[in-house]
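Throughout, residue positions are numbered sequentially from 1 according to the sequence presented. As the structure is a prediction and not an experimental result, all values here were calculated from the model.
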Amino acid sequence: KRPIGPFEQPLLAINPDPIDKVHVTYQNGDVYEGGLNERKKREGHGSFITANRKKPNGYEYHGPWHDGGRQGSDGKCFFYNDSFYIGDWVNDMRHGRGELFGKYSEERYVGEWDSDLRHGKGIVTAVGAINSSGGGSHGGSGLHHYEGRFRDDRRHGRGILKMTQNHHRMSFRQMEV
């Protein structure tokens, strides 16, 4: 057997499992609590909370992480702009199946996501009118329900729009309503 030289170390010292749990407070006040991988990136299950709850892009996330980004199923994200998402994440973006709830707009989307955009089959239920992109507006009255396809966060193709008194079949193209 050849002896190990000063620059050759046995690979047994590398721990492939994530560090179980750490608590990190960043300089800007953001906080992460959860696992880290060997490169000190967020890994496993953890929680991240932005410091300033008044930032429009601030959020709290509780769920799976991989290599520093949100990744996996059943991640829960409370966005400080008024919404809550629970579902699949890939590369730090909503991707796969998920549900988005609007806190103030009384809107709910259940369906498919692609790169942080509603894309594929989905259902929007909202109090008030449903705008051309498929989301609820802050005006109008009654319950509106749209079931159909989305492309790039907008209604696209055939779909059914149900309103409290009426039932309409509509087809949506890129920017048309």
task = May I ask you to test the Trp65-Arg70 pair for a side-chain heavy-atom distance under 4.5 Å?
result = yes

task = Apply side chain to side chain contact (heavy atoms under 4.5 Å, CB included) to Ile123 and His145, showing your working.
result = CA-CA 7 Å; Ile123 299 169; His145 177 93; 3.2 Å; yes

Residues forming a ring pair (Phe, Tyr, Trp, His ring centres under 6.0 Å) with Phe78, sequence neighbours excluded = Phe84

ask   = Side-chain donor-acceptor pair under 3.5 Å between Asn52 and Thr50, yes or no?
value = no

query = How long is the span from the CE atom in Met93 to the CG atom in Leu117, to the nearest 0.5 Å?
reply = 9.0 Å

ask   = Between Val110 and Leu161, is there a shared hydrophobic cluster once you connect ILVMFWY residues whose side-chain heavy atoms come closer than 4.5 Å?
value = no

request  = Would you indicate whether the side-chain heavy atoms of Arg118 and Val124 approach each other to under 4.5 Å?
outcome  = yes

message = Tell me if the aromatic rings of Phe150 and Tyr109 count as close, with their centers under 6.0 Å from one another.
response = yes

task = Side-chain contact test, heavy atoms from C-beta onward, threshold under 4.5 Å: evaluate it for Phe101 versus Ile86 and give yes or no.
result = yes

Beyond-backbone contact of Leu100 with Trp113, side-chain heavy atoms, under 4.5 angstrom = yes

inquiry  = Hydrogens and angles aside, do His119 and Glu112 bring a side-chain donor and acceptor to less than 3.5 Å of each other?
reply    = no

message = Do His95 and Ser115 make a side-chain contact, defined as non-hydrogen atoms from C-beta onward lying under 4.5 Å apart?
response = yes

query = Taking C-beta and beyond as the side chain, do Gln71 and Asp92 meet within less than 4.5 Å on heavy atoms?
reply = no

query = So, do Asp67 and Asn37 sit near enough that their side-chain heavy atoms are less than 4.5 Å apart?
reply = yes

query = Below 4.0 angstrom, N of the basic side chain to O of the carboxylate: do Arg97 and Asp88 qualify?
reply = no

key: Spacing of SG belonging to Cys77 relative to CH2 belonging to Trp89, to within rounding of 0.5 Å   = 4.5 Å

remark   = Applying salt bridge (Lys or Arg N to Asp or Glu O under 4.0 Å) to Glu33 and not counting sequence neighbours gives Lys21

query = Do the two ring centres, one from Phe48 and one from Tyr59, sit under 6.0 Å apart?
reply = yes

inquiry  = Can you tell me how far apart CD1 (Ile49) and CG (Asp30) are? Round to the nearest 0.5 Å.
reply    = 9.5 Å

ask   = Roughly how far, to the nearest 0.5 Å, is CG of Asn57 from OH of Tyr80?
value = 11.0 Å

query = Taking it one step at a time, do Lys162 and Ile160 satisfy side chain to side chain contact (heavy atoms under 4.5 Å, CB included)?
reply = CA-CA 6 Å; Lys162 297 177 184 178; Ile160 298 172; 4.0 Å; yes

ask   = How about Lys76 and Tyr85: do any of their side-chain heavy atoms sit closer than 4.5 Å?
value = no

remark   = CZ of Arg149 to CZ of Arg155, rounded to nearest 0.5 Å, is 15.0 Å

